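What you are looking at is a predicted structure, and each value in this text was computed from that prediction instead of being measured.
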Amino acid sequence: MKVTSLDLNLLVVLDAVLEEGSVTAAARRLDLSVPAVSRALGRLRSAFGDPLLVRSSRGLKPTAHALALRPRVRALVEDAQNLLGPAEDDAPAAWRRTFTVLAPEDLIGCFGEDLLTLVRAEAPGVQLRFLSEGRAADESAAVREGTADVTISVNAPKEADLRAEGLVRDPLLGVVRAGHPLSRGEVTPARFAAWDHVVVSRHGRLRTAVDRLLEAEGVQRTVAISVPGFTTALRLIATGHLVGIAPATLVGSLADALELATFPVPLDVKPLRVSMLWHPRHENDPSHRWLRARIREAAGRQTPP
């Protein structure tokens, strides 16, 4: 098929449907009717000679050909948006666009409100769309493929083909409910290990670096439960005798509401490194530089207690 015979607006529809995995959600995002998106999808299937998306128990599932097309389509849509988007001298107040940020839900809870406040103060026409890590199998792939404009990651490995900037180094604290025996007196490795623990792991691991540090001290702990996020861990800690470790910034924001007590971890645990990752194609884009500056400013407001 010649490119002149393809309505390039269809690529915007394809990009939205591939990302949302739903015709209805794509229609809502594009401010189109569901029949209009369905018709566009039909034309795309004819143009590419492939079903592109097939029905599954969890909505529409992309075909192998669609998965191969996805990063290329995303790049084309982004290039078009940048071409027609804000010029160097355009003021943010005139912008009408959406930025997508991939981040752990704990980090969204920590400084999402500050970032929204900063963005709305200068660019009321800009929308923020946060995606949790569950929407992307690989944080780095999200910015490579254009699923996200920026990824905010914890302890991210270095990626040679991506830009990265450190935002925060957040120390870790021991956490228990108020009134727990560990909220009083010196907490030694033995006292720390004597209680059931909750650990945080996106992949459900029941053993972490803390276990190795404890074993070096000659003690072992019992991990009773593993959860995917720190906020969930803190809520479990608040309701019983569990002991956990969490970043100081998050604990500080929830300690009063959940009636939590903190103490220094009696081990040499390293602080969490929170970084911002983006693709080099956005390096000099004016609106993207502005977004990164707002993220940097919002992160700088998070002072661990």
Inset, instruction - For the residue pair Leu272 and Leu172, establish whether any side-chain heavy-atom pair is separated by less than 4.5 Å. - result: yes
Legend entry - Linked, directly or transitively: Val143 and Leu67 (ILVMFWY side chains, under 4.5 Å): no
Inset, instruction - Please report the C-alpha distance between Leu102 and Thr147 in whole Å, then the side-chain angles of each, then the deciding distance to 0.1 Å, and finally whether the side chain to side chain contact (heavy atoms under 4.5 Å, CB included) criterion is met. - result: CA-CA 9 Å; Leu102 178 71; Thr147 305; over 6 Å; no
Inset, instruction - To the nearest 0.5 angstrom, please state how far the CG atom of Asn9 sits from the CZ atom of Arg43. - result: 9.0 Å
Inset, instruction - List for me each residue that meets side chain to side chain contact (heavy atoms under 4.5 Å, CB included) alongside Ala224, sequence neighbours excluded, and say none if there are none. - result: Asp196, Leu242
Inset, instruction - Heavy atoms only: give me the nearest Pro247-Asp170 pair and the separation to one decimal. - result: CB-OD2, 3.3 Å
Inset, instruction - Taking all non-hydrogen atoms of both residues into account, name the closest pair between Leu173 and Ala248 and its distance. - result: CD1-CB, 3.8 Å
Inset, instruction - Answer whether the closest heavy-atom distance between the side chains of Val243 and Ile237 falls below 4.5 Å. - result: no
Legend entry - Cluster overlap Val176 with Val227, hydrophobic side-chain contacts below 4.5 Å: yes
Legend entry - Aromatic plane relationship, His288 with His282 - under 30° parallel, 30 to 60° tilted, over 60° perpendicular: parallel
Inset, instruction - Compare every heavy atom of Val200 with every heavy atom of Phe230, then report the nearest pair and how far apart it is. - result: CD2-CG2, 3.5 Å
Inset, instruction - Of all the heavy-atom pairs spanning Pro62 and Leu60, show the shortest one and how long it is. - result: CD-O, 4.0 Å
Legend entry - Close side-chain approach of Lys61 to Arg55, heavy-atom, < 4.5 Å: no
Legend entry - Within 6.0 angstrom of Arg184 CZ, more than 12 heavy atoms from elsewhere: yes
Legend entry - N/O donor-acceptor pair under 3.5 Å between Arg45 side chain and Pro51 backbone: yes
Legend entry - Same apolar cluster: Leu206 and Ile245, side chain cutoff 4.5 Å: no
Inset, instruction - Would you give the length of the straight line joining atom CH2 of Trp290 to atom CZ of Arg292, rounded to the nearest 0.5 angstrom? - result: 12.5 Å
Inset, instruction - Would you mind listing every salt bridge (Lys or Arg N to Asp or Glu O under 4.0 Å) that reaches into residues 208-231, with sequence neighbours excluded? - result: Arg207-Glu215, Asp211-Arg221
Legend entry - Evaluation steps, side chain to side chain contact (heavy atoms under 4.5 Å, CB included), between Val119 and Phe99: CA-CA 11 Å; Val119 166; Phe99 288 111; over 6 Å; no
Inset, instruction - Please test Leu30 against Val13 for side chain to side chain contact (heavy atoms under 4.5 Å, CB included), starting from the C-alpha separation and ending with a verdict. - result: CA-CA 8 Å; Leu30 298 172; Val13 174; 4.0 Å; yes
Inset, instruction - Verify the cluster assignment for Val265 and Val187: are they in a single hydrophobic cluster under the rule of side-chain heavy atoms below 4.5 Å apart? - result: yes
Inset, instruction - Give a yes or no on whether a salt bridge exists between Arg191 and Glu186, defined as a side-chain N under 4.0 angstrom from a carboxylate O. - result: no
Legend entry - Residues forming a salt bridge (Lys or Arg N to Asp or Glu O under 4.0 Å) with Arg296, sequence neighbours excluded: Glu165
Inset, instruction - Please answer: with hydrophobic residues joined when any side-chain heavy atoms are less than 4.5 Å apart, are Ile108 and Met276 in the same cluster? - result: yes
Inset, instruction - Could you tell me whether Arg70 and Glu19 make a salt bridge, using a distance below 4.0 angstrom between a side-chain N and a carboxylate O? - result: no
Legend entry - Side chain proximity check, Pro92 to Val126, heavy atoms < 4.5 angstrom: no
Inset, instruction - Could you list the residues that satisfy salt bridge (Lys or Arg N to Asp or Glu O under 4.0 Å) with Asp256, not counting sequence neighbours? - result: none
Legend entry - Ala299 to Phe111 - nearest heavy-atom pair and separation: N-CD1, 4.4 Å
Legend entry - Close side-chain approach of Ser275 to Leu277, heavy-atom, < 4.5 Å: yes
Legend entry - Heavy-atom pair of closest approach, residues Leu254 and Leu260: O-CD1, 4.3 Å
Inset, instruction - Give a yes or no on whether the backbone of Arg281 and the side-chain of Arg163 come within a donor-acceptor separation of less than 3.5 Å. - result: no
Inset, instruction - Mind running salt bridge (Lys or Arg N to Asp or Glu O under 4.0 Å) on Arg28 and Glu20 for me, showing each step along the way? - result: CA-CA 10 Å; Arg28 188 182 307 115; Glu20 298 291 348; over 6 Å; no
Legend entry - 4.5 Å side-chain heavy-atom contact, Val223 and Arg205: no
Legend entry - Value rounded to 0.5 Å, distance of CD in Glu297 from CG in Leu118: 4.5 Å
Inset, instruction - Would you check, one step at a time, whether the test side chain to side chain contact (heavy atoms under 4.5 Å, CB included) holds for Val274 with Asn155? - result: CA-CA 6 Å; Val274 179; Asn155 295 339; over 6 Å; no
Legend entry - Summary of salt bridge (Lys or Arg N to Asp or Glu O under 4.0 Å) pairs that have at least one residue in residues 257-277, sequence neighbours excluded: none
Inset, instruction - Please check if the side chain of Thr151 supplies one atom and the backbone of Ser153 the other of a donor-acceptor pair under 3.5 Å. - result: no
Legend entry - Matching residue for Arg129 among Thr98, Thr100, Asp149 - test: side chain to side chain donor-acceptor pair (under 3.5 Å): Thr100
Inset, instruction - Report yes if some heavy atom in the side chain of Ile152 is under 4.5 Å from a heavy atom in the side chain of Ile295; otherwise report no. - result: yes
Inset, instruction - With rounding to the nearest 0.5 Å, note down the distance linking NE2 in His279 to OG in Ser140. - result: 10.5 Å
Inset, instruction - Keeping to residues at least two apart or across chains, list the side chain to side chain donor-acceptor pair (under 3.5 Å) pairs with something in residues 224-246. - result: Asp106-Thr231, Arg177-His241
Legend entry - Approximate separation, where rounding is to 0.5 Å, of Glu122 CD and Trp95 CH2: 8.5 Å
Inset, instruction - Working to the nearest 0.5 Å, report the span between CG of Leu53 and CG of Leu44. - result: 9.5 Å
Inset, instruction - Please step through salt bridge (Lys or Arg N to Asp or Glu O under 4.0 Å) for the pair Asp161 and Arg144, ending with a clear verdict. - result: CA-CA 9 Å; Asp161 62 329; Arg144 286 192 187 97; 2.6 Å; yes
Legend entry - Pairwise side-chain contact, Leu52 with Leu69, heavy-atom cut-off 4.5 Å (strictly under): yes
